[in-house]
Amino acid sequence: MKKQIIFLTVGVLASTLMSGYSQETSLVKMRRVSFTDVEISDKFWKPRQETNRIASIPVNLENLVKAGNIKNFELAAAGARTGFQGPVFMDSDLYKAIEAVSYSLAIHPDPALDKRLDEIISIIAKAQQPDGYLNTYFIVKEPEKRWTNLRDWHELYCAGHLFEAAVAHYQATGKRELLNVAIKYADNIDSVFGPGKRMGYPGHPEIELALVKLYRVTGEKRYFDLAKFFILNRGKKYFAEEHKIPIERYDGSYWQDDVPIFEHRNIKGHAVRAAYLMSGATDVGGELGDEPLLKMINRVWRNTVTRNMYITGGIGPSAHNEGFTEDYDLPNLTAYQETCASVALAQWNYRLALLYGDARYADVYERSLYNGVLAGVSLDGTRFFYVNPLASEGNHHRSPWFGCACCPPNVARTLASLGEYAYAAGDNALYVNLYIQGKVQTKISSGKVGLKVTTDYPWDGKVSLGPIVDKATKFTLYLRKPGWCDDSVVYINNKKVAQPKIERGYFVIEREWRSTDKVELDLAMPVKKVIANPKVKADNGLVAIQRGPLVYCIEACDYDVPIKSIFLPLNSEFTVEKQPLLLGGITVIKGEAQRLPEMDWRNVLYQSIDKPEKVKLTAIPYYSWDNRKAGEMTVWTPTMAPVPAVKGVEALAKVSVSFANDNSQPRGINDGIEPSKSGEQPRYMCHWWPHKGTEEWVQHDWKEPINVEGCK
């Protein structure tokens, strides 16, 4: 059956997907609904949470043992001064893993895992110094260098992840041991930094949002004031002073330290740092009602989602700085789009959704969760993406672990706490932000209320919601109308609502609810073709496929021809097909693409062609790629026959070089593609680093003799 096809222009995402970028709304300040109040029982997220529990979390803990993260704490607890393993920020990865385990224990009790976590926390507590300080690198390796390099050495960043882990563990289990460790360390930091004390702030933001969490669970306002201190002082170019850089030669944009916090106009620098900073600023600005700070946040948000966000809900195009370059620079093959950056973008938009009660922010974090974040882990939960390109020539794969292992535990804690993203509570109101089958029960001003949700989302747009109340209870139900949805119908007790009230992107239903009531949403879910703003040069002449919240891609293992030869005319039509045995159970998009036959252009200026060949199109959700046979992948497909790169006889040769490390690709020498500028990272780049001052060579080998008239 043919489905309706919609064409959308995005910049990167169209206003039809998320409208009202230029509008700023008043604060609503919704209350979080804890993940412990949410039960997930659907066919999409529940299996992923279970895989996270039985595979990813154990893999995380196993690798943290192998890499030395836990051993570092044992060394610190024993008073050792040698033997530290790994980079300076090793502690943070263990803290994120603890956070993931805590969330998992809350929704799926596991006595053995609980005991293992208690053992790890006991080691951490023993490693803490008498004055409260806790960072194994500086305890074991360089105790004399505490707080001497805030820009690069991640002390405050690691502390932030400790605070988040401690809050999660306390909320999940009620145990205080790790929380007490966090409080003692926070008191130590508060004794060093703040008004009338020492100036400074973290090179890698994170502690700001964590201190707000610690303040909310303990009620200790000093922690909030310290978060405010770090936020409001950022941009005073402290790192120039710290590293004795003349102010006229200092560029602090990588650390978001180039201008005072209120003057930021765009997202910049390292992507994860930028989004964590904005999350902390959102927490502080919302708590204070600080209008200048909130105006800055909304200004940067608009710049992010209209000029710097990938269609897959990720940010940060450049490997050079793990972050941003210039507006509309969104390459596909060389996209960095770190998994942690997608997590950070989701966290930031979750905070904005709570603060403003506006569905456009939930639209962003839904996009991140279903695409950029979920792609970060394999379907079996044992392999991970650090970098998430939107195209691959078959050489990009998930890894079991990384030397910088920030992404695996970040994905694990996000999946384990997913329920917290689904709902929010307002003034006698319940907000539904993600449509996930299951239940929620929470308290609002009229008492304890809940919902039972039945749906096959994201494969189907039909959602049924039944209130859970002990007696007739009056409250307002806010149901997000997704930005990707153009047509929708609301039914109450099987009666269509002619003109449902919509406010800030939510259907608003205010009534006295009984347990026999039922609300149904029918969210139209056609296949959509999406094109990018013309300023996104990497996507000129290309089209992407989206259905519901899911972005799709095409992968080589579904084709008998090279996918880079395929093009998708704009009048192509699609069908959708459920395939429960493929990739954990997915809905595949089918259709018809085309390709031109390969042609020999040696000594030929013009040739005639017949009709393009028809190619059966199969597209799968982006999150599920690289789980089968290795091969090419692309999210964006040409709408016309792709123009092959101009190549000479060198393209027929096999290139070898005297030396190439793991990050050097000799094929870049003869792929026919030249960067348009020196700062551009080509898809393949050959170099001899770290060799310096040595003689190196390049060799071309042809299968048969050729005539060469010259070379350059």
Side-chain angles (χ1 to χ4, degrees), residues 35 47-78 83-87 89-128 134-137 140 158 160-173 175 177-179 181-182 339-340 343 373 376-386 398-418:
F35 66 96
R48 283 157 182 79
Q49 285 195 317
E50 185 67 4
T51 299
N52 190 50
R53 183 182 72 85
I54 66 175
S56 298
I57 287 176
V59 162
N60 273 254
L61 293 176
E62 180 183 337
N63 280 298
L64 289 167
V65 172
K66 290 179 181 178
N69 301 67
I70 296 175
K71 182 66 174 178
N72 288 338
F73 281 94
E74 292 174 342
L75 292 170
F84 180 91
Q85 299 178 63
F89 46 79
M90 286 286 276
D91 293 3
S92 64
D93 297 332
L94 179 58
Y95 295 146
K96 279 181 282 188
I98 290 173
E99 190 178 352
V101 173
S102 299
Y103 293 138
S104 181
L105 288 173
I107 58 179
H108 196 293
D110 182 333
L113 186 59
D114 193 16
K115 181 182 178 184
R116 174 69 173 131
L117 188 55
D118 285 346
E119 291 170 351
I120 293 172
I121 291 172
S122 178
I123 296 169
I124 292 171
K126 290 175 183 176
Q128 188 166 33
L134 181 56
N135 186 295
T136 63
Y137 178 88
V140 175
C158 289
H161 277 301
L162 167 62
F163 301 161
E164 285 204 272
V167 169
H169 185 250
Y170 173 69
Q171 291 177 330
T173 68
K175 299 176 183 179
E177 185 174 13
L178 190 61
L179 183 64
V181 170
T339 298
C340 281
V343 170
V373 173
V377 60
S378 62
L379 293 178
D380 67 5
T382 65
R383 293 172 295 118
F384 309 92
F385 276 148
Y386 193 104
R398 294 179 182 86
S399 297
W401 202 244
F402 307 97
C404 174
C406 52
C407 295
N410 218 354
V411 173
R413 68 173 181 150
T414 302
L415 293 179
S417 63
L418 180 72

What pair of heavy atoms forms the shortest contact from [X] to [Y], and how long is it?
X	Y	result
Pro400	Asn63	O-ND2, 3.8 Å
Ser102	Ala165	OG-O, 4.5 Å
Thr51	Leu379	CG2-O, 3.6 Å
Asp380	Thr382	OD1-OG1, 2.8 Å
Ala100	Ala416	O-CB, 3.7 Å
Pro109	Ile107	CD-C, 4.0 Å

Donor-acceptor under 3.5 Å ([X] side chain, [Y] main chain):
X	Y	value
Ser417	Tyr103	no
Ser122	Asp118	no
Thr339	Gly376	no
Ser56	Gly381	yes
Asn69	Met90	yes
Asn72	Gly68	yes
Asn52	Ala412	yes

Taking the side chain as every heavy atom from C-beta outward, state whether [X] and [Y] have any pair of such atoms under 4.5 Å apart.
X	Y	result
Val140	Gln85	no
Trp401	Pro408	yes
Phe385	Val377	no

*Residues Val59, Phe384; criterion side-chain contact (heavy atoms from CB on, under 4.5 Å); working and verdict*: CA-CA 11 Å; Val59 162; Phe384 309 92; 4.1 Å; yes

What distance do [X] atom [atom1] and [Y] atom [atom2] have between them, rounded to the nearest 0.5 Å?
X	Y	atom1	atom2	answer
Asp93	Cys404	CG	SG	6.5 Å
His169	Leu162	NE2	CG	12.0 Å
Ile70	Glu62	CD1	CD	11.0 Å
Arg383	Ser378	CZ	OG	4.5 Å
Ile121	Lys175	CD1	NZ	7.5 Å
Arg53	Leu105	CZ	CG	9.5 Å

*After noting the C-alpha distance and the side-chain angles of Cys407 and Tyr386, does the key distance pass the side-chain contact (heavy atoms from CB on, under 4.5 Å) rule?*
CA-CA 6 Å; Cys407 295; Tyr386 193 104; 3.8 Å; yes

*asked:* Working note: Val101 + Leu113, criterion side-chain contact (heavy atoms from CB on, under 4.5 Å); need CA distance, chi angles, decisive distance, verdict.
replied: CA-CA 8 Å; Val101 173; Leu113 186 59; 3.7 Å; yes

_Pair Phe73-Leu94, side-chain contact (heavy atoms from CB on, under 4.5 Å): steps then yes or no_ = CA-CA 10 Å; Phe73 281 94; Leu94 179 58; 3.5 Å; yes

May I ask you to decide whether [X] forms a salt bridge with [Y], counting only side-chain N to carboxylate O separations under 4.0 Å?
X	Y	result
Lys96	Glu99	no
Lys126	Glu74	no
Arg116	Asp110	no

*Check Leu178, Ile98, Thr173 against Leu117 for a side-chain contact (heavy atoms from CB on, under 4.5 Å) and give me the one that passes.*
Ile98

